[in-house]
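See below for the structure under consideration.
None of the values given here were measured: they were computed from a predicted structure. Below, all heavy atoms of this structure are taken into account, side chains as well, without hydrogens, waters or symmetry copies.
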Amino acid sequence: MKLLTPRMHGYLDFVVVVAFALAPTLFHFSATPTRVSYALSVVHLLLTLFTRFPMGIVKLVPFPIHGAIEFIVSFTLVALPFVLGFAGEQAACNFFIGFGVVVFLVWLVTDYKAADTAAA
């Protein structure tokens, strides 16, 4: 069941951008998770702005491709604390794993095929 429309998904994308931008300060991340979090904030903002859906401005990336990227990112976020060596940093590890789960759940309930009619 696809509960999220492209527009609703876009609003959540901006929430994700803000969350990645604020998390290092709010949760006192060390250097590595801070850099990764800021980079993900910028990358996710660019992906959102360049996606062909109601919240996109440039509309180059098809919304289903946006969804495929988020699917991959969801698993990558869970792995990052272990791959980059900050799994021992409780706040950062929990944030990245938690966000990986949230991104996956959003991916599950988003209607990525609806953007073709709603992108205008």
Side-chain angles (χ1 to χ4, degrees):
M1 178 176 195
K2 303 297 183 178
L3 302 173
L4 290 179
T5 65
R7 181 171 301 282
M8 291 181 348
H9 182 100
Y11 292 134
L12 289 176
D13 278 345
F14 288 115
V15 170
V16 168
V17 168
V18 171
F20 275 118
L22 293 179
T25 301
L26 293 175
F27 303 115
H28 309 287
F29 291 175
S30 66
T32 298
T34 293
R35 286 191 293 269
V36 171
S37 194
Y38 289 154
L40 286 170
S41 179
V42 171
V43 169
H44 202 78
L45 177 62
L46 291 173
L47 177 62
T48 300
L49 295 176
F50 279 79
T51 296
R52 192 179 317 133
F53 75 142
M55 305 309 283
I57 293 174
V58 180
K59 299 185 189 300
L60 292 176
V61 178
F63 194 43
I65 299 298
H66 176 112
I69 292 167
E70 288 184 340
F71 176 77
I72 294 166
V73 165
S74 69
F75 292 99
T76 303
L77 288 171
V78 171
L80 278 176
F82 307 98
V83 172
L84 297 180
F86 61 88
E89 189 176 330
Q90 194 70 40
C93 186
N94 289 345
F95 178 81
F96 280 87
I97 290 172
F99 246 86
V101 170
V102 168
V103 170
F104 181 76
L105 293 173
V106 169
W107 176 83
L108 276 177
V109 298
T110 297
D111 186 356
Y112 288 102
K113 295 176 184 172
D116 291 337
T117 59

Gap separating the [atom1] atom of [X] from the [atom2] atom of [Y], nearest 0.5 angstrom:
X: Thr76; Y: Glu70; atom1: OG1; atom2: CD; value: 12.0 Å
X: Leu84; Y: Glu89; atom1: CG; atom2: CD; value: 11.5 Å
X: Leu49; Y: Leu60; atom1: CG; atom2: CG; value: 11.0 Å
X: Thr48; Y: His9; atom1: OG1; atom2: NE2; value: 7.0 Å
X: Ile65; Y: Phe71; atom1: CD1; atom2: CZ; value: 13.5 Å

| Can you name the residues that form a ring-ring contact (aromatic ring centres under 6.0 Å, His included) with Phe50, not counting sequence neighbours? | none
| query | Should Phe104 and Leu77 be marked as a side-chain contact (heavy atoms from CB on, under 4.5 Å) after you check the CA-CA gap, both sets of side-chain angles, and the distance that decides it? | reply | CA-CA 10 Å; Phe104 181 76; Leu77 288 171; over 6 Å; no
| query | Quick one: does Phe96's side chain get under 4.5 Å of Leu40's, heavy atoms only? | reply | yes
| With a 4.5 Å heavy-atom cut-off, do Phe20 and Leu45 have their side chains touching? | no
| query | What side chain to side chain donor-acceptor pair (under 3.5 Å) pairs are there with at least one residue in residues 91-101, not counting sequence neighbours? | reply | Gln90-Asn94
| Who are the side chain to side chain contact (heavy atoms under 4.5 Å, CB included) partners of Ala19, not counting sequence neighbours? | Phe99
Cluster check [X], [Y]: I/L/V/M/F/W/Y, side chain < 4.5 angstrom:
X: Val15; Y: Val106; answer: no
X: Val83; Y: Tyr38; answer: no
X: Val43; Y: Leu12; answer: no

| request: Could you walk me through whether Phe29 and Phe86 pass the ring-ring contact (aromatic ring centres under 6.0 Å, His included) test, one step at a time? | output: CA-CA 10 Å; Phe29 291 175; Phe86 61 88; 7.5 Å; no
| task | Just jot down the side-chain hydrogen bond (donor to acceptor under 3.5 Å, both in side chains) partners of Thr51, sequence neighbours excluded, or say none. | result | His66
| said: Among residues at least two apart in sequence or on other chains, which ones pass side-chain hydrogen bond (donor to acceptor under 3.5 Å, both in side chains) with Thr5? | reply: none
Please find the pair of heavy atoms, one from [X] and one from [Y], that lie closest to each other, and give the distance.
X: Trp107; Y: Gly67; answer: CD1-O, 3.1 Å
X: Pro33; Y: Ser30; answer: CD-OG, 3.2 Å
X: Gly10; Y: Met55; answer: CA-CG, 3.4 Å
X: Asp111; Y: Lys2; answer: CB-CB, 3.7 Å

| task | Check which hydrophobic residues are tied to Ile97 through side-chain heavy-atom contacts below 4.5 Å, counting indirect links as well, and list them. | result | Val78, Phe82
| request: Taking the six-membered ring for Trp and the full ring for Phe, Tyr or His, determine whether the centres of Phe53 and Tyr112 are under 6.0 Å apart. | output: no
| Between Ser41 (side chain) and Val17 (backbone), is there a donor-acceptor pair under 3.5 Å? | yes
